[in-house]
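These notes are about the structure you will find just below.
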Amino acid sequence: MTDRCNLRCQYCMPEAEYVWLPRQDILDFEEVGRLVDRFVELGVDRARLTGGEPLVRRDLPRLVELLARKPGLRDLAMTTNGVLLEEQAAGLKAAGLHRVTVSLDTLRPERFEALTRSRALDRVVAGIEAAARAGFASVKIDSVVIRGVNEDELSALIEFGMRVGAEVRFIEYMDVGGATRWSPEKVVSRAEILGSVARRFGPVVPLPERTSAPAERFRLADGTVFGIISSVTAPFCGACDRSRLTADGIWYRCLYATRGTDLRRPLRAGASDAELRELIAEPWSQRADRGAEERLALRGRAPLATVDALRRDPHLEMHTRGG
Ligand code: SF4
């Protein structure tokens with residue numbers, strides 16, 4: 001939806017300055033809708049709105065309404081940092097949004113400020129509570145776990161999720177574009193996360209599921225369910241059926257891909273629906289992306305891109321590509 005964000009999280013936007021996408025390149029809602037139609041015609045039936053922070057995009061409920069009307073889309077979700085969610089939750093639900101995921105890595109105000117360079121923790125919590133009240137099909141909380149930062153808060157986050165009725169998913173700290181402070185030592189692995197949760201809550205039982213969703217899900221003795229997205233230590237590229245369309249219409253078939261397909265230029269140059277479909281179908285039929293698995297095989301693994309490389313090509317940034 002946008003490459004802009006109202007937070008500056010250490011694992012995504014740690015630098016002081018960024019190169020932004022030119023405003024005239026940002027697709028308007030009708031252009032987004034036209035591309036979504038082509039994806040739906042080719043079999044896509046789920047969409048997720050991300051950013052940057054999608055709620056800083058003006059009139060977002062209007063796009064939600066436009067997408068929710070498409071019969072082929074059976075699932076319409078959004079990932080947000082939650083800062084603007086309290087005032088928008090009811091409107092987004094009314095517009096037809098099905099599910100919401102809120103990123104929240106800590107419940108401690110001073111830690112939140114150090115991690116995000118913002119004092120908006122109360123607003124994020126209020127946003128999650130408002131989403132829970134609004135009646136979405138699900139509200140989830142995504143927490144990136146970073147050693148030395150928040151690995152001591154896993155139980156507190158699960159308990160918070162229980163209180164507000166949100167499923168918590170722990171995400172291994174990934175070396176994606178923008179994570180310029182990443183190092184292997186800071187990754188808290190799936191195994192460590194499971195050990196930590198089991199020490200606090202007792203036996204953790206994996207749920208027998210086979211889906212293309214990135215999270216493995218587990219159940220605690222009291223029935224509480226939580227997830228782990230182990231993209232670093234146990235990647236799941238073989239089951240991945242996702243791709244990402246940036247706010248300026250570049251289509252990436254992997255989180256780690258260095259090149260994407262420009263759909264904006266042909267769209268604005270008058271390409272027919274059939275031509276746009278072909279631009280999508282052909283590369284997808286040849287897709288062999290295995291970004292996270294290839295990263296796992298690397299020795300001396302370091303951040304994906306240097307700050308200079310990110311300035312030269314902001315499309316490498318996670319906040320441009322969408323998480
Ligand atoms: S690294 Fe790429 S192929 Fe692997 S799961 Fe992520 S997006 Fe899919």
Side-chain angles (χ1 to χ4, degrees), residues 1 3 9 11-12 35-36 39 42-52 54 75 77-79 101 103 140 142-146 169-180 182-184 186-191 193 206 209-217 227-263 280-305 309-310 313-323:
M1 287 300 99
D3 56 336
C9 296
Y11 52 79
C12 184
L35 289 180
V36 168
F39 282 100
L42 290 163
V44 169
D45 60 3
R46 290 173 290 151
R48 175 172 293 273
L49 308 177
T50 71
D75 184 32
M78 180 181 70
T79 297
T101 300
S103 304
K140 291 191 178 129
D142 274 2
S143 304
V144 176
V145 187
I146 304 177
R169 306 186 312 171
F170 298 115
I171 304 176
E172 290 180 348
Y173 182 19
M174 294 172 71
D175 54 346
V176 287
T180 49
W182 185 90
S183 72
K186 291 184 187 164
V187 177
V188 179
S189 69
R190 169 188 181 279
I193 293 170
E209 298 176 315
R210 265 173 192 274
T211 70
S212 61
E216 275 178 279
R217 296 167 81 226
I228 301 180
I229 300 179
S230 50
S231 330
V232 177
T233 66
F236 35 80
C237 298
C240 171
D241 60 359
R242 292 168 177 235
S243 67
R244 293 167 173 80
L245 183 66
T246 61
D248 63 343
I250 312 294
W251 178 47
Y252 290 93
R253 291 169 289 281
C254 180
L255 207 49
Y256 289 94
T258 49
R259 275 183 311 172
T261 303
D262 184 351
L263 298 177
I280 298 167
E282 210 267 335
W284 186 260
S285 69
Q286 296 176 21
R287 177 177 186 256
D289 298 270
R290 292 283 184 275
E293 289 177 359
E294 287 164 10
R295 301 287 298 168
L296 184 62
L298 288 180
R299 284 166 182 240
R301 193 166 169 181
L304 180 72
L310 293 166
D313 183 4
H315 286 98
L316 291 172
E317 297 273 11
M318 186 72 175
H319 68 264
T320 304
R321 189 161 298 191

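Order of appearance sets the numbers: ligands from 1, and atoms from 1 within every ligand.
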> Checking side chain to side chain donor-acceptor pair (under 3.5 Å) for the pair Arg287/Ser243: CA distance, chi angles, key distance, verdict?
Replying inline: CA-CA 11 Å; Arg287 177 177 186 256; Ser243 67; over 6 Å; no

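With a 4.5 Å cut-off on side-chain heavy atoms, Leu263 and Ile280 count as touching.
Among residue pairs with one or both ends in residues 228-240, those qualifying as side chain to side chain donor-acceptor pair (under 3.5 Å) are Glu172-Thr233; sequence neighbours excluded.
Within 4.0 Å of ligand 1, heavy atoms belong to protein residues Phe236, Cys237, Cys240, Arg244, Cys254, Leu255, Tyr256, Arg287, Asp289, Gly291, Ala292.
For Trp284, the side-chain hydrogen bond (donor to acceptor under 3.5 Å, both in side chains) test picks out no residue, with sequence neighbours left out. Partners of Ser143 according to the side-chain hydrogen bond (donor to acceptor under 3.5 Å, both in side chains) rule, which considers only residues two or more places apart in sequence or in another chain, do not exist here.
Between Asp289 and Arg242 no salt bridge is recorded (no basic side-chain N to carboxylate O distance below 4.0 Å).
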